[in-house]
Trainee: 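Below you'll find the structure I mean.
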Amino acid sequence: MASRAKAELRELAFWADMLTDDEAERARRGVSERHFAAGSYICHRGDKLDHWTGVVSGLVKIGAISATGKAITFAGIGAGGWLGEGSVLKDEPRKYDLVALRNTRLAMMSRPTFMWLFDHSVGFNKFLVTQLNERMGQFIATIEHDRLHDPTARVARNIAWLFNPVLYPGVGQHIDITQEELAMLAGLSRQIVGRSLRTLEEAQLLKVERAGLTVKDIERLSTYEGD
DNA sequence: TCATTAAATTGTT
DNA sequence: AACAATTTAATGA
């Protein structure tokens with residue numbers, strides 16, 4: 001049977017099941033919770049935030065300001081997503097900005113705890129490898145994404161991020177997200193996002209609801225390139 | 001349970 | 001960006 005620590009940890013992190021009871025207890029002690037209000041910065045590029053960070057609830061944007069002054073979004077992270085393993089592993093400052101797009105609860109694991117799990121836990125390393133691999137795939141896709149000027153394609157790609165079954169095992173067909181939040185993620189205006197969503201709905205890729213949407217065809221959505 | 005009001009979300013110019 | 005229309009949530013009888 002599972003330990004109490006593991007049950008507690010599972011509330012914050014789905015990968016708790018991949019740890020032994022002993023490891024879970026150690027992990028639980030090294031994780032604390034923090035809250036960020038909508039619109040606030042969790043960290044700026046260059047900060048030395050040496051915590052591995054999980055989104056318990058809410059929505060976080062990973063991005064940066066380019067040399068030309070344009071805001072670029074690398075990825076959106078929804079509830080269940082974990083980020084920052086690169087900065088923690090290499091003990092480097094963050095190379096990107098983190099912004100809470102809505103009120104967000106974060107689980108933050110201290111670097112010593114992270115390193116201990118990295119050294120001792122097979123389950124944790126398995127999780128890390130799949131996580132890094134999936135990130136890499138998403139990153140490759142993002143490079144292409146930047147060349148996509150069709151706003152509908154950008155919206156589609158941004159939605160697909162939030163439905164990645166490897167990164168977010170719990171997510172079903174539906175998520176709660178407003179068109180305004182999607183606009184901030186994709187770097188588009190709210191009305192363009194609204195129009196794009198209707199286009200995607202007409203193409204039978206998803207169903208638009210109030211303050212949310214349901215995906216009908218995640219495969220075609222993630223590869224959508226416009227008309 | 002229903003009616004009223006406030007707040008949030010989306011559509012339109 | 002501002003305004004209007006619509007839907008949901010909260011309140012209290």
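In the text below, chain A, chain B and the rest are named by the order of the sequence lines, each starting its count at 1.
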Trainee: Strictly below 4.0 Å, N to O, side chains only: are A:Glu202 and A:Arg198 in salt-bridge contact?
Mentor: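 No, this pair does not count.
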
Trainee: Send over the distance from A:Leu182 CG to B:dT9 C1', rounded to a whole Å.
Mentor: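 Going from A:Leu182 (CG) to B:dT9 (C1'), I get 13 Å.
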
Trainee: Nearest whole angstrom, please: distance from the C1' of C:dA1 to the CG of A:Leu188.
Mentor: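 One finds 17 Å between C1' of C:dA1 and CG of A:Leu188, rounded.
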
Trainee: Rounded off to whole Å, could you give me the CD-to-P distance for the A:Glu180 and B:dT10 pair?
Mentor: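 Answer to the nearest Å: 8 Å.
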
Trainee: On the side chain of A:Arg210, is there an atom forming a donor-acceptor pair with the base of C:dT7 - under 3.5 Å, no angle test?
Mentor: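 Looking at the base of C:dT7, it does pair with a donor or acceptor on the side chain of A:Arg210 (distance under 3.5 Å).
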
Trainee: To the nearest Å, give me how far apart CG (A:Asp176) and P (C:dT7) are.
Mentor: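 Distance, rounded to whole Å: 18 Å.
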
Trainee: Less than 4.0 angstrom from a charged side-chain N to a carboxylate O is my criterion; do A:Lys6 and A:Glu25 meet it?
Mentor: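 A salt bridge is absent here (no side-chain N lies under 4.0 Å from a carboxylate O).
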
Trainee: Rounding to a whole Å, what distance do you find between A:Leu197:CG and B:dT9:P?
Mentor: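 Distance, rounded to whole Å: 15 Å.
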
Trainee: Quick one: do the A:Asn164 and A:Glu134 side chains pair a donor with an acceptor below 3.5 Å?
Mentor: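 Yes - a donor-acceptor pair under 3.5 Å links their side chains.
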
Trainee: Please report, rounded to the nearest Å, how far the C1' atom of B:dT9 is from the CZ atom of A:Arg195.
Mentor: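 That distance rounds to 19 Å.
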
Trainee: Closest nucleotide of DNA chain B for A:Gln191 versus for A:Ala211: which of these residues is on the 5' side?
Mentor: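 Result of the comparison: A:Ala211.
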
Trainee: What integer distance in Å separates A:Arg198:CZ from B:dT9:C1'?
Mentor: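 It is 13 Å, rounded to the nearest whole Å.
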
Trainee: Does A:Arg102 have more than 12 heavy atoms from other residues, nucleotides or ligands lying within 6.0 Å of its CZ?
Mentor: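 For A:Arg102, atom CZ is crowded (more than 12 foreign heavy atoms under 6.0 Å).
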
Trainee: Whole Å only: how far is the CZ atom of A:Arg190 from the C1' atom of C:dA2?
Mentor: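 Distance check: A:Arg190 CZ to C:dA2 C1' gives 10 Å.
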
